[in-house]
Amino acid sequence: MADIRKEQERDELHRAIWAIADELRGSVDGWDFKSYVLGMMFYRYISENLTNYINEGEIEAGEVDFDYAQLSDEDAEQAREDLVKTKGFFILPSELFCNVRKKAANDENLNMTLEAAFNHIEESAKGSESEDNFAGLFDDIDVNSNKLGATVAKRNANLVKLIEGVANMGLGNYKDNSIDAFGDAYEYLMSMYASNAGKSGGEFFTPQEVSELLTRMAVAGKTEVNKVYDPACGSGSLLLKAAKILGKENVRQGFYGQEINLTTYNLCRINMFLHDIDFDKFDIAHEDTLLYPQHWDDEPFEVIVSNPPYSIKWEGDDNPVLINDPRFSPAGVLAPKSKADLAFIMHSLAWLATNGTAAIVCFPGIMYRGGAEKKIRQYLIDNNFIDCIIQLPSNLFFGTSIATCIMVLKRSKSDNKTLFIDASGEFVKVTNNNRLTEENIAHIVDEFVSRNGTQHFSHLANYDEIKAQDYNLSVSTYVEQEDTREVIDIVKLNAEIEEIVAREQILREEIAKIIAEIEVAQ
């Protein structure tokens, strides 16, 4: 039932987004359209979130018919200071999404109305604890951009369509949705437009099922943790999975992430708000994690989940400072300049708490290539930091068909063994992509937790075994593939061949007799 409901909600959301795309087709480039839709969804959400919060408080106090949206701006001003302290922001009733929507079709200055509302929301947080969380949040929704239309009238006409489309989305109460509505909208928009825009969507989004698997492994055996961290957090889907699986109240000190792409960094902060994570419970930074990590004062982290960009270039040994960086120096060598993958792994390990778990999606090449990458693998195995390697199916990620892996790191393992799981067959095909089902995820997580070793699926390798394989960590080296070819009984086959040959011999003799009789008759 839950699966049916989930698919229904997903379909409704996709139809609503497609309807907006249909309305704006030809007017707004897809890549920019994505930012406008998500930004307007955010505007609607925080408007409703604030209104509901105020209304609930007033109704509890006995004002049964109270509605913040009906209040005058003057009366509302009295609550500004308290609301900024508790919610981190403030919106005047006249600038709420629902009230701007009512007048939108007849507002000749709609672009100015929206711009003022966005600026006022950001400004409301200035000078408060939440200032960094709100600064620049609406930068990607430029209501005066030519991308929306050549003239003000055309821009406003498109803004009306956008507002109406977002207003008609059945988002309900975000907390009650069985899907991650915002994350799902993001994924759907990526799949609609990323390829057209010539951009790879894989680096921006981790499918929800992969997020689920990663996070369930990272929090296995825990009911609460101190902090969750993602060094390449994108739009925050992995951080939010931890909130969903553990319950956000069970992540005591909150959610930390760093993202290099400005647009995606803005989306991540928006995503935190959309999932009702309070401003004082998240700290998302914008910078290059490998060169300028922003959370030295917050590490170590008990849970690290990440899907870092695959094989990107970085300064590596061109930068003389990096080999002395305490995150990278223990391995004695830096990840290659053309492939930063293992630099992200070393960074995560350095910031992992003694009792923590890190689950990281990896490009398969790092498991077997030689050179510096082999030396880093040797460091990780010799020091017993690798808990598990999982081979995933191909075609799980939008924008790449590569069969990726997951590396699970722990600082305090109970044994000196590494579990290898071959999950390459754990998927169902959905249109052009493969998808992990709840059963697939449960099967992998159960194997990960039990560490039993199952023929053709997993193998618990001891240190000497891995050393004998020259520190090759490819799953196929340790888990033997099941031979699904048909077994042939040679004795039986030979008997059948002898029978056929004997029958042929009889036929030949019969034919020879007939020919002889014909010849005599002539």
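Here the side chains of P231 and P308 are not in contact, with every heavy-atom distance at 4.5 Å or above. Within the 4.5 Å cutoff, side-chain heavy atoms of D325 are placed close to those of F328.
Between the R327 side chain and the L349 main chain, no donor and acceptor come within less than 3.5 Å of each other. Judged purely by atom type and a 3.5 angstrom limit, T454 has no side-chain atom pairing as donor or acceptor with the backbone of F457.
When every heavy atom of L290 is checked against every heavy atom of D288, the shortest pair comes out as N-OD1, 2.9 Å.
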Q: Starting from the C-alpha separation in whole Å, work towards a yes-or-no answer on side chain to side chain contact (heavy atoms under 4.5 Å, CB included) for C362 and I345.
A: CA-CA 9 Å; C362 304; I345 284 165; 3.7 Å; yes

Q. Should F255 and K227 be marked as a side chain to side chain contact (heavy atoms under 4.5 Å, CB included) after you check the CA-CA gap, both sets of side-chain angles, and the distance that decides it?
A. CA-CA 6 Å; F255 304 85; K227 304 172 202 171; over 6 Å; no

Q. When you look at E259 and H286, which way does the side chain to side chain contact (heavy atoms under 4.5 Å, CB included) test go after all the steps?
A. CA-CA 5 Å; E259 173 54 42; H286 172 233; 5.8 Å; no

**Q.** Full working for side chain to side chain contact (heavy atoms under 4.5 Å, CB included) between W314 and K339
**A.** CA-CA 7 Å; W314 77 308; K339 302 173 186 75; over 6 Å; no

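Put simply, CG on N133 and CD1 on I270 are 12.0 Å apart, with the number rounded to the nearest 0.5 Å.
Salt-bridge check for R44 with E48: passed, with a basic side-chain N closer than 4.0 Å to an acidic carboxylate O. Salt bridge annotation for K417-D415: absent, with no cationic side-chain nitrogen under 4.0 angstrom from a carboxylate oxygen. The existence of a salt bridge linking K147 and D142 is excluded, since no basic side-chain nitrogen approaches an acidic carboxylate oxygen closer than 4.0 Å.
Between Y310 and F363, the two ring planes are tilted [angle within 30° to 60°].
When the ring-ring contact (aromatic ring centres under 6.0 Å, His included) test is applied to W351, the partners found at least two apart in sequence or on another chain are Y229, W296, H347. Taking A220 as the reference, F448, V449 meet the side-chain contact (heavy atoms from CB on, under 4.5 Å) condition, with sequence neighbours excluded.
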